[in-house]
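Below: one structure, written as structure tokens.
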2 protein chains.
Amino acid sequence: MRAAEHPDLTEIGLTEVMAALSDPIRVGLVRVLADGEERGWGELRAPIAKSTLSHHLRVLRDAGLTRTRKEGTRCWVTLRGDDVEARFPGLLSAVLTAAQADGTGHQVSVDTD
Amino acid sequence: MRAAEHPDLTEIGLTEVMAALSDPIRVGLVRVLADGEERGWGELRAPIAKSTLSHHLRVLRDAGLTRTRKEGTRCWVTLRGDDVEARFPGLLSAVLTAAQADGTGHQVSVDTD
DNA sequence: CGAATCGTTCGATGTTCGTAGAACGTCGAA
DNA sequence: TTCGACGTTCTACGAACATCGAACGATTCG
């Protein structure tokens with residue numbers, strides 16, 4: 001039932017990572033998290049239903065790109081920048097640079113309180 | 001009907017590139033072409049039907065990752081390494097490094113005559 | 001306890017994708 | 001011109017995917 005696990009460093013697969021980053025919404029989420037700050041689920045803004053957002057966050061989590069921490073009813077999301085960098089050096093920063101140049105993921109933002 | 005065009009440099013989109021590279025066979029094809037050499041269609045070896053190979057090469061071409069040149073009945077494929085590098089610096093080399101570390105695309109080879 | 005909040009999961013829907021085989025178009029060779 | 005080689009396109013199909021609304025489970029608050 002529950003496949004919502006955080007894969008270990010060595011279990012992060014390139015195909016899954018690339019597939020996860022082939023959707024604009026998910027790239028936008030990664031961009032929002034790119035500064036390393038932990039973000040609250042509810043702060044994330046994207047033009048999709050919350051069930052769809054939950055789905056995208058799960059794909060990112062399963063791919064090993066993000067980590068989710070629960071705290072009461074809320075949860076917090078962080079980018080696993082160091083892990084991905086260790087596994088696939090230069091990949092994440094290249095994608096982030098590309099996304100910025102390309103505008104991919106602009107539809108996602110965050111309510112900075 | 002025919003969408004098999006080579007996109008211009010500025011038309012290369014990140015989402016399309018990432019989607020193209022989210023399939024192991026296509027990553028393998030890119031790896032085979034990574035040395036910059038032009039390869040003959042018929043030299044490419046992958047455990048798939050030729051119609052499927054044609055499909056994958058089309059996806060790569062449409063994404064702007066490869067260029068196809070026809071010569072008589074044969075055609076030759078090259079990686080658009082410089083173009084992709086100009087558009088998304090560091091992305092391709094990071095993916096190639098990652099693929100090698102990960103083993104992604106090992107199923108594809110080339111008959112070096 | 002009861003109500004509200006938060007995020008996940010379920011069910012359904014329409015789309016896209018990877019795959020293969022068959023038919024086709026093109027070109028070079030006999 | 002007839003034949004064979006080469007690569008593309010067509011058609012089909014099952015799997016995976018993005019999306020939504022509704023229902024659910026957990027937790028906090030009144």
Side-chain angles (χ1 to χ4, degrees), chain A residues 1-6 13 15-30 33 38-63 66-78 104-105 107-108 110-111 113, chain B residues 1-6 13 15-30 38-63 65-78 104-105 107-108 110-111 113:
Chain A
M1 53 182 84
R2 200 143 300 77
E5 288 300 319
H6 296 92
T15 300
E16 288 73 21
V17 168
M18 298 300 285
L21 295 177
S22 67
D23 183 280
I25 297 283
R26 291 196 289 261
V27 171
L29 291 167
V30 169
L33 297 168
E38 191 172 49
R39 301 293 184 183
W41 205 103
E43 300 175 5
L44 302 173
R45 291 286 170 271
I48 52 177
K50 68 174 183 173
S51 57
T52 306
L53 177 59
S54 182
H55 162 69
H56 284 309
L57 286 171
R58 181 209 236 268
V59 173
L60 289 173
R61 192 191 326 130
D62 287 356
T66 60
R67 176 166 278 123
T68 295
R69 181 174 65 87
K70 311 203 78 168
E71 184 181 303
T73 85
R74 299 197 183 162
C75 57
W76 302 86
V77 189
T78 49
T104 303
Q107 34 202 320
V108 180
V110 57
D111 266 356
D113 298 329
Chain B
M1 51 181 81
R2 201 145 297 81
E5 288 301 318
H6 296 93
T15 301
E16 288 73 20
V17 168
M18 298 301 285
L21 295 177
S22 68
D23 182 279
I25 297 282
R26 291 195 291 260
V27 171
L29 291 168
V30 169
E38 190 172 48
R39 299 294 184 181
W41 205 103
E43 300 175 6
L44 302 173
R45 292 286 170 271
I48 52 177
K50 67 173 183 174
S51 58
T52 307
L53 178 58
S54 183
H55 162 69
H56 284 311
L57 286 171
R58 183 212 235 269
V59 172
L60 290 173
R61 193 192 325 133
D62 287 355
L65 286 165
T66 60
R67 176 167 279 123
T68 295
R69 179 174 67 87
K70 311 203 80 171
E71 184 181 301
T73 83
R74 301 199 180 157
C75 59
W76 302 86
V77 189
T78 49
T104 303
Q107 33 203 319
V108 180
V110 56
D111 267 355
D113 299 330

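So that the names make sense, note that chain A is the first sequence line, chain B the second, and so on, each numbered from 1.
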- Item | Pair A/L53-A/W41, side chain to side chain contact (heavy atoms under 4.5 Å, CB included): steps then yes or no | CA-CA 9 Å; A/L53 177 59; A/W41 205 103; 3.7 Å; yes
- Query: Which nucleotides of nucleotides 22-30 of chain C have their base under 4.0 Å from a protein heavy atom (B), which only their sugar-phosphate (S), and which neither (-), written as one string 5' to 3'?
  - Reply: B----B---
- Roughly, in whole Å, what's the span from CZ in B/R26 to P in C/dT16? 15 Å
- Query: According to a strict under-4.0 Å criterion, is A/R74 in side-chain N/O contact with OP1 or OP2 of D/dT28?
  - Reply: no
- Counting just side-chain N and O atoms, does A/H55 come under 4.0 Å of either OP1 or OP2 of D/dC20? no
- Message: What is the separation between atom CZ on B/R69 and atom P on D/dG7, rounded to the nearest whole Å?
- Response: 12 Å
- Task: Give the minimum heavy-atom separation between A/T78 and A/L33, together with the two atoms involved.
- Result: C-CD1, 4.4 Å
- Task: Over all heavy atoms of both residues, which pair between A/L60 and A/A20 is shortest? Give the atoms and the distance, please.
- Result: CD2-CB, 4.2 Å
- Task: Quick one: label B/L53 by what it contacts on the DNA or RNA (base, sugar-phosphate, nothing), any heavy atom closer than 4.0 Å.
- Result: nothing
- Message: With a 4.0 Å cutoff (strictly under), does any side-chain N or O of A/R61 reach OP1 or OP2 of C/dT8?
- Response: yes
- d(NZ, A/K70; C1', C/dG7) in whole Å: 6 Å
- Distance-minimising heavy-atom pair for A/P24 and B/T15: CG-OG1, 3.9 Å
- Looking at C/dG18, C/dT8, D/dG21, which one has an atom nearest to any side-chain atom of A/A49? D/dG21
- Message: Without decimals, in angstroms, what is the distance between B/W41 CH2 and D/dA5 P?
- Response: 15 Å
- Query: Taking the side chain as C-beta and beyond, is there a heavy-atom pair between B/R26 and B/V108 under 4.5 Å?
  - Reply: no
- Query: Could you state the CD-C1' distance from B/E16 to C/dC17, rounded to the nearest angstrom?
  - Reply: 15 Å
- Item | Minimum-distance nucleotide to A/S54 side chain [options: D/dG7, C/dT19, C/dT8] | C/dT8
- Item | Heavy-atom side-chain contact between A/L44 and A/L57 under 4.5 Å | yes
- Message: Once you apply a heavy-atom cut-off of 4.0 Å, does B/L57 come out as touching a base, just sugar-phosphate, or nothing?
- Response: nothing
- Whole-Å distance separating the CE atom of A/M18 from the C1' atom of D/dC17: 18 Å
- Query: Are any of the side-chain heavy atoms of A/H56 and A/I48 separated by less than 4.5 Å?
  - Reply: yes
- Message: Please tell me if B/R58 has a side-chain N or O lying less than 4.0 Å from either OP1 or OP2 of C/dC17.
- Response: no
- Measure from CG on B/L21 to C1' on C/dC17 and round the result to the nearest Å. 16 Å
- Atom CD of A/E43 and atom P of C/dG7 are separated, to the nearest Å, by 10 Å
